[in-house]
Structures are given as structure tokens and as C-alpha cells.
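Down below is the structure, laid out as C-alpha cells.
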There are 2 protein chains.
Amino acid sequence: MTASARYHHGHLREALADAAVEAVREHGPDGLAVRDLARRVGVSHNAAYRHFADRDALVDVVAERAMAGLMGAMERRLAAVEAAEADDPVDPVHRARRRLSEVGAGYVDFAVAEPGLFRLLFTAYPEVPDKDLGKGTEVGDPFTVLNLALDDLVAVGYLDPVVREGAEITCWSAVHGFAVLNVEGPLRGLAAADREAALQALLAHIDGALGTRPGGGPRRGRRG
Amino acid sequence: MTASARYHHGHLREALADAAVEAVREHGPDGLAVRDLARRVGVSHNAAYRHFADRDALVDVVAERAMAGLMGAMERRLAAVEAAEADDPVDPVHRARRRLSEVGAGYVDFAVAEPGLFRLLFTAYPEVPDKDLGKGTEVGDPFTVLNLALDDLVAVGYLDPVVREGAEITCWSAVHGFAVLNVEGPLRGLAAADREAALQALLAHIDGALGTRPGGGPRRGRRG
DNA sequence: GGCTCATGTGGACGCTGTCAACATTTAGCC
DNA sequence: GGCTAAATGTTGACAGCGTCCACATGAGCC
């Protein structure tokens, strides 16, 4: 290091990426300004353009980190239940239901903890192709995690295969909508306790929507 | 009109508002540039500042119109079923379930038809206070419409009062999340038919989540 | 007719992203 | 070790943005 303190920076690319993440965390997606990053890192404006094609390239890098953070939050939740279940095992159905809830809760965890990164992520999220997810992303795909949880619910017999159709979109929509409404929508400013209660209610509703009823076969009566 | 073709515009405020709406429709929230509006209307930059305190004030006006559009889309849906039911009446439960679905579908209708306005609306949406909604907004509040539909479901005996708790947030989250994912999220670019199918599945899931089961009393086993 | 106030204009400042030209430092090669 | 080429950082410029200020113009009122 210290090889020529000025001029050649050495780790400019990483430094810029770090600064970009910090800027977005502090001031949201619009807080990412190339010139400002250069200023923070102590380098001239335009230096960034030796490492990133344009602002969008910087956004992509931040989005990648945000995606990793989102995945981390979800996996942390899953790992926690896994650890808890090691002590006293529960029946597979309960376990599968629980895991789906935790996936959703982890998603919201991240959104609330890192609103800036979360918002940026969904202005730069890759389009999800018809079925083949999780192919490119090194870090894993939340959508894939969700699908696995749902498949599990089918496997243990809790979720009717007919109801399974489209359930991934329903679950994602519900949890994502909840996150968005709480982060940048009309539900922002909700007290933490109220938010938690509302989230638990939402997860219970989803659980109820997917659960097989003792009463009758798969109902899917959509309209008249 | 034509009173002094140049200089005094006469309807500058309305003209700017109209141009702002058009700009957002065409290029999204970021497409709203004060200077650009002035140019479009044929007036000098800065003229807008005689009628709007700042850019945000212009955003608020567009948000108001967007809200009206959203409400319109929902009410149009409701009016349509109302008309259809005039010919052959259905039982109250079916009717109430149908109305909830239409509310959600109208919401998505607007989001898909006017992505720019929809996106802007939810960066400037008023915070929803604990319970007393629909007080200020002249045009009505989507949240209130949703709550009425849910109360109706309780009244006709389809929705258990216990499950009713938090249902407004669950429904709003699900539909809003679906809209967001389709408008600016990873589900953008979904074919119209696929989107419609996914939406119907989502509405069916919600209907299933809220519906009373013949099997047992209100289950709300959330965890543990 | 003259005064006042609302409304529109022109110029400026600082911010942004991006391009082009220039400087310097590092690395490769003899 | 020294020369050259590529990588990296700097400076300057341009256009666009929001916003403030001073000024010009027009409309309405007395």
C-alpha cells in the first residue's frame, strides 16, 4: 500500500462501490451521485469512469450487494428456526409452514432495516424469466427460495397442488407489497410493534390461503 | 381567449399541471422537469414558480390526479358488476366476494394502464393514519373502499371477524405488491394474458384466505 | 391616467452526468 | 536499467436540472 499516496488510488473500484452502498443506505437510490462518490473517496470527478461505464453500472453493483443482503436476511431467519428445531423437532407440516413464514419475515426484515438498498434493488431488479430462476445470480435468488418453500408445503401435504399454481406470485406480491407500503408507501412511519403485528397477520392469512381445508376439495372458485 | 397571445398566458397553472401529468405518463416520475414543462407550455423557465412553490408542489398535483384515476378504475369495475347484477341478482355472499375481487382488479388495472402515474402516486402517497381514512381526500380513498368491501364480507358472514383483523393490510399488500412487481419490478414485461392469469390466481388465494371453512372455527395459528 | 400587484422574463449559482484532451503512474519488454 | 504502451487519474467543457434574485410587463383599480 501507500504506494504514492496521491494520484493512483489502488482500490478505487472497491472504494467507490463501498461509498455508493453507503450513499444509498443513507439517502436512498437518488443519493447515489457519481461526483459525490468521487468527492467522498478523495478523487477527482470522472475518475470513476475508469472503473464504471456510467452511473447505471454503479447502481448495478449496489443492487448486487443489496440482493446479497436480502438473501442474507432470509437465510438468517431460516438458519434460526433450523437451530431451534434441532433441540425439539416438530412435525414436517408445521416445519414447512414455519419456513415459509420465515422467508417472508426475512424479506421484510431487510426492507425495513435497509430501506435505501431495498428500494434501489427493485428499480434494478433483473426481469424474472418464465420459470428458470436462479441461474445467473451467484448469491442465490429470493424467488427460488420462495419456490422451494412452497414445493415443500406441497410435499408435506399441506398445500394442494392446484392451489400451488401461482402461489409463488401471490406470496411474493403480498410480502413485497407489505414491504413497499411500509418502506416508501402510506404505511411508512408505522410503529415497529404495529408493523410486526400486521406482518404476522399477513403471514397467517397467507398460511390460511394455502392450507388445505378439512371441509372440501380444492376450491378455486374464482368468479361466477 | 387570445388576450395577448404572448406574455400573460392566462391558464398557466392548469396548462402546467396538464403538461406535468402528460410528462409523468410518458416518462415516469423522473420525467417531470419544471424547465421542460415550461418549454412545452411555451413559457420561460421560472414562470412555473409563480404558481407552484417548487417541483414537489407540481408532483403533489399530479399525485392528486393519479389518485383520482386510481379511484376511477376501481369504481368503474364496481359499477360494471353492479350493472351486471341488476339483470340477474346473485346471493349476497357471492356478491361481496366478487366486489372485493373487482376492487383489487381495478387497482391493478390502473397500475398497468398508467404505470408512470401509479409509480409517482406511491412516492407521494399521504401517510395513512391509524384508522380515520378518507377524511381529507376529496376524491375518496382506495383504502376506504377496500375496508368497506371487507366489512361487507363480514356482514354477509363470509369473513370471520377474527380473520378480518389486519385483512385490509394483507389485501392491500398483496394487490399493491402485484402491481409494483408488474409495473417496475421483476414481473414487468409479463405477457398480458399471463399477468391476468396470475392476478386471478392471486385474487382466488385472497378469497380463500378470507373465506370461512366449513371444517372448523377460525384458525389463526400463526406460529409455535 | 397613474399606482399596485400579479405574472412572466432573463440571468446566475451550484448541482448533476458525461465526453474529450491531457498528465502521470505502472507494467511489460528488451 | 531504460523505453514504451497501457492503465489510471485530472482538468475542462457542455448541457440539463432546480431554485433564487432582479427586472419587465400587463391587468385591474382608484
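Every chain is numbered from 1 and lettered A, B, ... according to where its sequence line falls, protein lines coming before strand lines.
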Contact check, residues 12-23 of chain B vs DNA chain D, heavy-atom distance under 4.0 Å, returns none
Would you check if the side chain of Arg195(B) reaches a backbone N or O of Arg188(B) as a donor-acceptor pair within less than 3.5 Å?
no
Mind running salt bridge (charged side-chain N to carboxylate O under 4.0 Å, His left out) on Asp151(A) and Arg164(A) for me, showing each step along the way?
CA-CA 8 Å; Asp151(A) 289 342; Arg164(A) 169 69 177 84; 3.0 Å; yes
Test side chain to side chain donor-acceptor pair (under 3.5 Å) applied to Arg40(A) - qualifying residues, sequence neighbours left out
Asp36(A)
Using atom CG of Asp36(B) as one end and atom C1' of dT16(C) as the other, report the distance to the nearest whole Å.
17 Å
Run Asp60(B) and Phe52(B) through side chain to side chain contact (heavy atoms under 4.5 Å, CB included) and show every step you take.
CA-CA 10 Å; Asp60(B) 287 344; Phe52(B) 301 94; over 6 Å; no
Could you go step by step and tell me if Arg76(A) and Asp109(A) meet the salt bridge (charged side-chain N to carboxylate O under 4.0 Å, His left out) rule?
CA-CA 10 Å; Arg76(A) 220 167 307 140; Asp109(A) 278 350; over 6 Å; no
Is the shortest side-chain heavy-atom distance between Leu117(B) and Val21(B) below 4.5 Å?
yes
Between the base of dG8(C) and the side chain of Asn46(B), is there any donor-acceptor pair under 3.5 Å?
no
Identify the pairs formed between an N or O of the protein and an N or O of nucleotides 4-6 of chain D at a distance under 3.5 Å, and give each distance.
none

Heavy-atom donor-acceptor pair, His45(B) side-chain to dG8(C) base, under 3.5 Å:
no
Donor-acceptor under 3.5 Å (His205(A) side chain, Val163(B) main chain)
yes
Using a strict 4.0 Å threshold on nitrogen-to-oxygen distance, state whether Glu82(A) and Arg99(A) make a salt bridge.
yes
Between His176(B) and Phe178(A), is the gap from one ring center to the other below 6.0 Å?
no
Using the side chain to side chain donor-acceptor pair (under 3.5 Å) rule, collect all pairs that involve residues 65-74 of chain B, keeping only residues at least two apart or in two chains.
Asp18(B)-Arg65(B)
Taking Arg13(B) for its side chain and His51(B) for its backbone only, find out whether a donor-acceptor pair lies under 3.5 Å.
yes
Specify the residues of residues 47-56 of chain B, ordered by number, for which at least one heavy atom lies under 4.0 angstrom from an atom of DNA chain C.
Ala47(B), Arg50(B), His51(B)
In terms of the angle between their ring planes, are Tyr107(A) and Phe118(A) parallel, tilted or perpendicular, with boundaries placed at 30° and 60°?
perpendicular
Nearest-Å distance for atom pair CG/C1', residues Leu58(A) and dT18(C)
14 Å
With a 3.5 Å distance limit and no angle check, can you tell me whether Asp54(B) reaches the backbone of Ala57(B) through a side-chain donor-acceptor pair?
yes
Among residues 27-35 of chain B, which residues get a heavy atom nearer than 4.0 Å to DNA chain D?
Leu32(B), Ala33(B), Val34(B), Arg35(B)
Could you state the CZ-P distance from Arg39(B) to dA15(D), rounded to the nearest angstrom?
13 Å
